[in-house]
Amino acid sequence: MATEQPFLPVLLGSDMNAYGMARAFYEAYGIKPLVLGRSHLTATQDSHIINFEEIDRLNEQDVFAPALAKVAKKYSDKKLLLLACGDDYAKLIIKNKPALQEHFTVPYIDESLMDEILLKENFYKMCDKYDFKYPGTATVTADNYENFTPPFDYPIILKASNSVEYWACKFPGKKKVFVAHDEAEKTAILKAIYSSTYQDTMIIQEFIPGDDSYMRVLNAYVGKDGKVKLMCLGNPILEEHSPEGIGSYAAIVTTYDKELMDRVRFFLEDIGYTGFANFDMKYDMRDKQYKLFEINLRNGRSSYYVTASGHNLMKYVADDHMLNIEQEVTYVQDKHLWMIIPKGVLFKYASNEKLKLEAKKLIREGKYTNSLYFNQDMNAKRWVKLTLNNLNYYRKYKKYFNNKGLSE
């Protein structure tokens, strides 16, 4: 049952993150967010808790600004809270922030700070300043890849620097992230990529050993006063392993590390950050340090794990910006299991026995959530689609899974 509120969340994107965010708003306020996307993906289809509008080419600058101006006009009786569900939309919001602020509340940083965080060379300077470790990293271009020798040992990770351009290109064997075990494999991968329309920089990183459970994900919300209000650390048990899904988390148990949270909190407050931030890192058993991969300027794709633990992430941004409710800082310590895969897939393919035992205990205690399965938003059509989607995970893991810890 939708409840009337003085504000309306406007979510950009239609994936599982959009659904998790919409579900969080519905659970907190009984509100149906407006979801804008280029196409209607399974996660948000046949849902009664969102209002969906399809806008072709919404992720392109010439369409983006006029489309949002039109939306603002249509819903001018509400206070509009604009939120991105993916990187491309977060960047567009930040680039257009001054114009958007005429119609929307825009809880994002300014473009100058975005450039510091997103440009790899600037980002690593920031890491050095705040004493965050990161994997050995080099870059390669279309001009020099044939003579490139990585400055660290194999295996190495290869990923595109420009994700927007990379998703637009096509070539055989394309993956989100590649692993090369030797010189010949590295050359073959780079040759395939640069034979496509992608001609931008590639990031080359040293591979940090360890399976998916060595990853950590941290979601934070920083209030409009520049103070961190919420932090929640997740320990992935399993990632997706299909070519398009590599590096996306499939199951997470909440965990706690006060020292890490304190350091990230100091960093965010010191650089003048506001809004959602999402950190991906991996624990390196060789030197017992977390190695930071990147900061996303939005809540993570899997960030419903925070809400599932009992700390509604969307309530933080709306209470702060829409309802002006004061908030104290919270470091989440409540244990919960979040997943988007069937239990059968989780326990067959996850290799960390300790985390699997913890996951089974949480399931027995009823402390687990699949963010796509929401009892208050279930109908025959949606149930059939989600069930087929679930069965598809069995097929995908059987086809693509290898357990060499070659994620990220």
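Note that the numbering runs from 1 along the sequence shown for the chain. All values derive from a computational prediction rather than experimental measurement.
- Annotation: side-chain contact (heavy atoms from CB on, under 4.5 Å) contacts of D128 (sequence neighbours excluded): Y134.
- There is no side-chain donor-acceptor pair under 3.5 Å between S303 and N219.
- Using a 4.0 Å cut-off between charged nitrogen and carboxylate oxygen, D262 and K258 count as a salt-bridge pair.
- Looking only at atom types and distance, the side chain of E183 has a donor-acceptor partner in the side chain of Y154 under 3.5 Å away.
- Counted by atom type alone, T137 and Q205 present one or more donor-acceptor pairs between their side chains at under 3.5 Å.
- With respect to D131 and K129, no salt bridge is recorded, no charged nitrogen being found less than 4.0 Å from a carboxylate O.
- For A220, the side-chain contact (heavy atoms from CB on, under 4.5 Å) test picks out L218, M231, L268, with sequence neighbours left out.
- Using a cut-off of 4.0 Å between Lys/Arg side-chain N and Asp/Glu carboxylate O, E53 and K70 are scored as not salt-bridged.
- Checked for salt-bridge contact, R38 and D56 miss the test: no charged N lies under 4.0 Å from a carboxylate O.
- Figure legend: K159 and F293 shown as a cation-pi pair, the cationic atom lying under 6.0 angstrom from the six-membered ring centre and within 45 degrees of its axis.
- A donor-acceptor pair shorter than 3.5 Å cannot be found between the side chains of N390 and T387.
- The salt bridge (charged side-chain N to carboxylate O under 4.0 Å, His left out) analysis of residues 20-31, with sequence neighbours excluded, yields the pairs R23-E27.
- Summarising the local packing, CG of D182 is surrounded by more than 12 heavy atoms from other residues, nucleotides or ligands at distances under 6.0 Å.
- Remark: the K186 side chain and the Y145 side chain contain no N/O donor-acceptor pair separated by less than 3.5 Å.
- Around atom NZ of K95, no more than 12 heavy atoms belonging to other residues, nucleotides or ligands sit under 6.0 Å away.
- Between the side chains of T330 and H311, no donor-acceptor pair is found at a separation under 3.5 Å.
- The side-chain contact (heavy atoms from CB on, under 4.5 Å) test applied to A142 returns Y194, Q199, not counting sequence neighbours.
- Of the listed residues (W167, Y166, F171), just one forms a ring-ring contact (aromatic ring centres under 6.0 Å, His included) with Y198, and that residue is Y166.
- Figure legend: cation-pi geometry between K396 and Y393, with NZ or CZ positioned under 6.0 Å from the six-membered ring centre and within 45° of its axis.
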Please report, to 0.1 Å, the donor-acceptor pairs under 3.5 Å made by any side chain of residues 358-367, with sequence neighbours excluded.
from : atom 1 : to   : atom 2 : distance (Å)
E358 : OE2    : K335 : NZ     : 3.0
K361 : NZ     : E365 : OE2    : 2.9

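- With sequence neighbours left out, E269 forms a side-chain contact (heavy atoms from CB on, under 4.5 Å) with K227, V228, R265.
- Using modelled atom types, one side-chain atom of N96 and one backbone atom of L92 make a donor-acceptor pair closer than 3.5 Å.
- The pair D280-R216 does not meet the salt-bridge criterion, since no charged nitrogen lies less than 4.0 angstrom from a carboxylate oxygen.
- Using cut-offs of 30° and 60° on the angle between ring planes, the pair Y397 and H241 is tilted.
- For the residue pair Y249 and D212, no side-chain donor N or O sits within less than 3.5 Å of a side-chain acceptor on the partner.
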